[in-house]
Amino acid sequence: TWLVVVRFLSHDPIHVARDAFIDCNHLSLVVAPRASELVGTTFQGCPLLGGAGVVEDTATNRRRAVDLQYWGVRTHQLCSAPHRKWVRTVLLVANRLRGGALSLPREMWYTILESIRRWELGRAQ
């Protein structure tokens, strides 16, 4: 699973090569001071970035960048097909266990899954 989040830390003028991120299929979010300066040619052809993908450096947007690392209903579509399948399998097993000795509420299963980074889904530890 790919996750590319760019965060610029400096409040000094930002200099990024015009083609540094062009056609980056995995670029999900850009957090930068004066983000509007970066919109235009720098991020052309980035399908996951969308209209709200280049945002100002605020606490809310920094949290959003961290949230992209973890599985969740909102990030499920960003996961690779094998990772989505793994999550589906876990939820099917949870459903099968419902009412048994190992039963947990559905919300608990979601909480457990939301604590796993997307690239760790299905990995043996």
Side-chain angles (χ1 to χ4, degrees):
T1 298
W2 286 76
L3 170 68
V4 179
V5 175
V6 178
R7 179 169 177 236
F8 296 94
L9 300 174
S10 173
H11 288 279
D12 295 331
I14 298 169
H15 301 285
V16 178
R18 299 190 114 225
D19 60 352
F21 296 100
I22 288 180
D23 297 325
C24 181
N25 292 326
H26 305 288
L27 184 61
S28 301
L29 180 66
V30 176
V31 179
R34 296 183 315 281
S36 60
E37 295 175 11
L38 300 173
V39 176
T41 60
T42 305
F43 301 107
Q44 282 182 333
C46 302
L48 296 180
L49 201 54
V54 181
V55 296
E56 291 296 322
D57 185 15
T58 65
T60 299
N61 289 331
R62 287 191 299 273
R63 178 68 190 160
R64 187 172 150 209
V66 170
D67 288 346
L68 281 172
Q69 296 179 55
Y70 293 90
W71 181 87
V73 174
R74 291 181 185 166
T75 61
H76 185 74
Q77 77 280 0
L78 297 175
C79 295
S80 66
H83 288 151
R84 289 192 308 269
K85 184 177 179 179
W86 184 85
V87 169
R88 182 175 181 262
T89 301
V90 168
L91 292 174
L92 286 171
V93 168
N95 193 49
R96 177 81 171 149
L97 293 173
R98 187 175 291 167
L102 298 176
S103 180
L104 293 173
R106 181 177 301 271
E107 296 80 13
M108 184 66 79
W109 284 104
Y110 279 97
T111 300
I112 291 167
L113 287 170
E114 289 169 349
S115 70
I116 302 172
R117 288 183 181 92
R118 289 185 9 232
W119 58 87
E120 295 175 336
L121 293 169
R123 280 184 41 193
Q125 294 296 322

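Heads up: numbering here begins at 1 and tracks the sequence.
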Practice prompt. Dump the intermediate steps for side-chain contact (heavy atoms from CB on, under 4.5 Å) on R63 and V66, then the final yes or no.
Written response: CA-CA 5 Å; R63 178 68 190 160; V66 170; 3.8 Å; yes
Worksheet item: Stepwise, does the side-chain contact (heavy atoms from CB on, under 4.5 Å) test hold for V87 with W109?
Response: CA-CA 10 Å; V87 169; W109 284 104; over 6 Å; no
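Separation of atoms CH2 (W86) and CG (L113) is listed at 6.0 Å; rounding is to 0.5 Å. Rounded to the nearest 0.5 Å, atoms CG (L78) and NE2 (H83) are 13.0 Å apart.
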Which pairs of donor and acceptor atoms, one on a side chain in residues 88-105, lie under 3.5 Å apart (sequence neighbours left out)?
residue, atom, partner, partner atom, Å
T89, OG1, K85, O, 2.9
S103, OG, G99, N, 3.2

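The hydrophobic cluster containing Y70 does not contain M108, counting ILVMFWY residues as joined when their side-chain heavy atoms lie under 4.5 angstrom apart, directly or transitively.
Contacts of V55 classified as side-chain contact (heavy atoms from CB on, under 4.5 Å), with partners at least two apart in sequence or in another chain: L29, V31, N61, R64.
Considering every non-hydrogen atom in both Q77 and R84, the closest pair reads O-NH1, 3.9 Å. T75 and G72 get closest at one heavy-atom pair: OG1-N, 2.8 Å.
Side chain of R117 to main chain of Q69: no donor-acceptor pair is present (N/O by atom type, distance under 3.5 Å, no hydrogens or angles). When atom types are taken as modelled, the side chain of R118 and the backbone of L68 share a donor-acceptor pair closer than 3.5 angstrom.
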